[in-house]
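Here, residue 1 is the first one in the sequence, and each next residue gets the next number.
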Amino acid sequence: MSTQSTAGIDDNGTIDHPSRSDRFVRGASELIGGPLGDHAAALDRPAGRERRFWSPARIVLALVCLTLALHWVQKSPCQDGAWQNNVQYTRMCYTDVLALYYAEGLNEGKVPYADHPVEYPVLTGYFMGALGLPVHALGVDDPAINQGRWFYNLNALVLSALAVATVAVILNLRRRRPWDAALFALAPALLLTATVNWDLLAVGLAAFGLLAWARRRPATAGVLLGLAGAAKMWPLFLLGPVLVLGLRAGRLRAALTATGTALVALVVVNLPVAVPYRESWNRFFDLNTTRPIDWGTLWYIGRYLDGKVSPSAPGDLGPFEWLNAHIPTLNWVSYLLFGLACLGVAALGLFAPRRPRLAQLAFLVVAAFLIFSKVWSQQFVLWLLPLAVLARPRWGAFLAWQFAEVCYFVAFYGELLGAATSRPVFPEGVFVLAASLRLVTVAVLCGFVIRDILRPERDAVRSTYVDDPDGGVLDGAADAGWLRRRHRDATAPEPVTA
């Protein structure tokens with residue numbers, strides 16, 4: 001077994017302070033007196049040995065609670081469901097959670113899938129029913145209550161608890177770097193999109209899956225990732241990096257165990273709906289197969305550029321407009337590009353000078369999916385947040401990305417309001433510019449992660465930990481025999497027998 005502690009828990013190391021280690025924070029700290037001084041011993045105790053109540057972990061947990069409270073306030077104008085005069089767009093408080101309580105028939109007591117097809121994977125449908133049907137039953141007995149408000153607030157409470165739990169997981173994985181979790185806790189994207197949809201359900205389950213893997217429990221990790229994939233599809237993509245790194249480290253048995261249990265959990269959760277209510281179960285797949293290019297995607301930007309280029313003849317379509325008119329081809333092109341990106345990530349995982357960390361490859365895979373997908377909803381930013389924190393906890397590029405997400409959020413609601421009133425709020429080019437800025441900043445983050453993989457001495461996490469605190473059985477493992485000769489000059493540490 002490696003000398004590195006499971007899940008990165010090592011109480012003998014000192015806490016990393018961003019004002020010393022992060023160039024952006026160090027520069028910003030000059031506004032309030034400069035970086036933490038050498039004599040600030042009270043703040044420099046070994047991780048896990050704090051004696052003050054306001055330890056870094058508790059401060060970060062308090063910060064995420066504050067962010068979620070502000071999010072609730074931001075959504076409060078929409079909570080009564082009386083969306084008159086487009087208040088949901090002018091106040092930027094729209095949420096699917098409230099809208100779909102009525103659209104999915106929960107206000108009439110309809111059971112998801114059995115009585116009404118649901119556009120989401122089954123665990124999200126179960127979640128909607130588990131919270132919505134009791135609210136409906138309560139409303140039948142007491143017609144005076146606002147069912148939509150009750151449903152939204154109950155969902156907001158549970159989803160917020162999952163967000164706090166995600167921060168707790170990040171803190172657990174980064175005992176020596178607790179301030180990394182503040183990136184998630186203070187993220188403007190979390191403040192703006194936490195309860196736009198049910199994405200935090202998948203985020204929370206996936207975070208616990210990563211924690212179980214870090215604690216060397218591959219079967220449990222697989223079950224949790226399978227459940228997360230039954231809520232939103234993207235957590236299943238994390239199994240790819242697990243398999244690639246397991247192959248490189250000669251830990252394929254653990255990787256296959258996680259993958260196998262994930263698939264079993266996915267099947268078990270889906271069967272009760274897929275067998276008796278096949279048509280309702282298929283709605284998610286049918287919708288995603290037939291929907292055209294959505295707002296804010298790479299393809300949408302391309303359509304805008306098509307319109308700026310004069311066609312060679314009247315009636316000719318530019319390449320992106322043509323794809324939008326031929327959706328099956330668009331689907332295959334999107335899948336192909338994502339598949340090629342995954343092959344590139346796999347090659348990076350296998351042949352980089354030093355084995356990448358799990359979070360680095362996981363971030364790259366999910367980011368590639370969003371970049372090439374024909375749908376990139378505003379709340380999908382939540383998928384990347386914890387992975388970005390674990391993959392590259394540097395404040396400068398992270399805040400630039402968050403600025404781009406805020407710009408997109410504002411432009412998106414302007415686009416919605418313009419569509420609802422038939423009076424554009426912004427020129428179309430403004431929305432496309434905001435979408436492009438979001439796309440570029442995510443691509444830049446990917447570039448920085450790739451650079452850190454190829455030059456591990458620049459990896460912030462490996463400046464604190466010996467290897468991969470999220471790696472579980474991978475942490476501290478040498479490359480498999482078939483790769484050792486190729487990487488005999490790599491800097492990865494050899495395992496130390498206990």
Output, in order, the C-alpha distance, side-chain angles, deciding distance and verdict of side-chain contact (heavy atoms from CB on, under 4.5 Å) for Tyr408 and Leu437. CA-CA 8 Å; Tyr408 180 78; Leu437 185 61; over 6 Å; no
What do the steps show when you test Phe338 against Phe237 for side-chain contact (heavy atoms from CB on, under 4.5 Å), and what is the final call? CA-CA 11 Å; Phe338 176 54; Phe237 299 152; 4.1 Å; yes
Candidate pair Asn153 and Trp72, rule side-chain hydrogen bond (donor to acceptor under 3.5 Å, both in side chains), full reasoning: CA-CA 9 Å; Asn153 282 309; Trp72 184 87; 2.7 Å; yes
Are Phe151 and Leu98 close enough, and set up right, to give a side-chain contact (heavy atoms from CB on, under 4.5 Å), and what steps lead you there? CA-CA 7 Å; Phe151 180 69; Leu98 187 55; 5.6 Å; no
Stepwise side-chain contact (heavy atoms from CB on, under 4.5 Å) test for Glu415 and Glu428: CA-CA 8 Å; Glu415 196 82 351; Glu428 179 68 5; 2.6 Å; yes
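In this structure, CG on Leu200 lies 10.5 Å from NZ on Lys232, to the nearest 0.5 angstrom. To the nearest 0.5 angstrom, Trp395 atom CH2 is 5.5 Å from Leu186 atom CG. How far OH of Tyr94 is from CG of Leu417: 15.0 Å, rounded to the nearest 0.5 Å. Interatomic distance, CE of Met92 versus CZ of Phe409, reported as 6.5 Å (0.5 Å rounding). Atoms CG and CG, on Asp199 and Leu159 in that order, are 9.0 Å from each other to the nearest 0.5 Å. In this structure, Met233 CE and Phe369 CZ are separated by 4.0 Å, a value rounded to the nearest 0.5 Å.
Other residues, nucleotides and ligands contribute more than 12 heavy atoms inside 6.0 Å of the OH atom of Tyr102. Dense packing is recorded around CZ of Phe412, with more than 12 heavy atoms of other residues, nucleotides or ligands lying under 6.0 Å away. Within a 6.0 Å radius of CD in Glu279, no more than 12 heavy atoms belonging to other residues, nucleotides or ligands are found. Within a 6.0 Å radius of CZ in Arg91, no more than 12 heavy atoms belonging to other residues, nucleotides or ligands are found.
For the pairing with Thr195, the side-chain hydrogen bond (donor to acceptor under 3.5 Å, both in side chains) check across His71, Gln379, Lys75 returns one residue only, His71. Paired with Arg357 under the rule side-chain hydrogen bond (donor to acceptor under 3.5 Å, both in side chains), one option of Asp468, Asp459, Asp452, Asp475 passes, and it is Asp459.
Smallest separation of non-hydrogen atoms from Gln88 and Trp83: OE1-CB, 3.4 Å. Scanning both residues, Gly246 and Ala255, for their nearest heavy atoms gives CA-CB, 4.3 Å. Closest approach of Asp306 to Pro319, counting heavy atoms only: OD1-CD, 3.4 Å. Taking both residues in full, the closest heavy atoms of Val449 and Ala391 are given as CG2-CB, 4.4 Å, listed atom of the first, atom of the second, then distance. Residues Asn86 and Ala420 come closest through the heavy atom pair OD1-CB, 3.6 Å. When all heavy atoms are compared, the tightest approach of Thr441 to Ala404 is OG1-CB, 3.5 Å.
In this structure, Tyr126 contributes its side chain and Val269 its backbone to a donor-acceptor pair below 3.5 Å. With hydrogens and angles ignored, the 3.5 Å screen pairs a side-chain donor or acceptor of Ser334 with a backbone N or O of Phe372. Of the possible polar contacts, one joining the Arg248 side chain to the Gly349 backbone as a donor-acceptor pair under 3.5 Å is found. Checking side-chain atoms of Ser373 against main-chain N and O of Leu370 turns up no donor-acceptor pair under 3.5 Å. A donor-acceptor pair is defined here as one N or O able to donate and one able to accept, closer than 3.5 Å; no such pair exists between the side chain of Ser377 and the backbone of Phe380. At least one donor-acceptor pair closer than 3.5 Å links the side chain of Arg216 to the backbone N or O of Gly472. Using modelled atom types, no side-chain atom of Thr329 and backbone atom of Leu323 make a donor-acceptor pair closer than 3.5 Å. Listed for the Thr166 side chain is no donor-acceptor partner under 3.5 Å among the backbone atoms of Ala207. Distance alone, capped at 3.5 Å, is enough to place a donor-acceptor pair between the Arg355 side chain and the Leu474 backbone. Of the possible donor and acceptor atoms, one in the side chain of Lys374 sits under 3.5 Å from a partner among the backbone N and O of Asn288.
Checking Thr464 against Arg177 by side-chain atom types alone, a donor-acceptor pair falls below 3.5 Å. Defined by atom type and a distance below 3.5 Å, a donor-acceptor pair is missing between the side-chain atoms of Tyr101 and Asn155.
Considering only residues two or more places apart in sequence or on other chains, Trp295 meets the side chain to side chain donor-acceptor pair (under 3.5 Å) condition with none of them. Residues meeting the disulfide bond (SG atoms under 2.5 Å apart) test with Cys93, sequence neighbours left out: Cys78.
Contact of the Leu238 side chain with the Val366 side chain is registered, since non-hydrogen atoms from C-beta on lie closer than 4.5 Å. Using a 4.5 Å cut-off on side-chain heavy atoms (C-beta onward), Asp286 and Trp281 make no contact. In this structure, Leu382 and Leu190 have side chains that are in contact, with non-hydrogen atoms separated by less than 4.5 Å. Contact of the Thr261 side chain with the Thr220 side chain is not registered, since no non-hydrogen atoms from C-beta on lie closer than 4.5 Å. Counting heavy atoms from C-beta outward, Asn324 and Leu317 have side chains that stay 4.5 Å or more apart. The shortest distance between side-chain heavy atoms of Tyr89 and Val425 does not fall below 4.5 Å. Looking at Val442 and Trp401, their side chains come closer than 4.5 Å, going by heavy atoms from C-beta outward. Side-chain contact between Leu171 and Val167: present, with at least one pair of heavy atoms (C-beta onward) separated by less than 4.5 Å.
Taking the six-membered ring wherever Trp is involved, the centroid distance between the rings of Tyr300 and Phe431 falls below 6.0 Å. Aromatic pair Tyr113/Tyr277: centroids not less than 6.0 angstrom apart.
Between Asp470 and Arg174 there is a salt bridge, since at least one side-chain N of the basic residue sits less than 4.0 Å from a carboxylate O of the acidic one.
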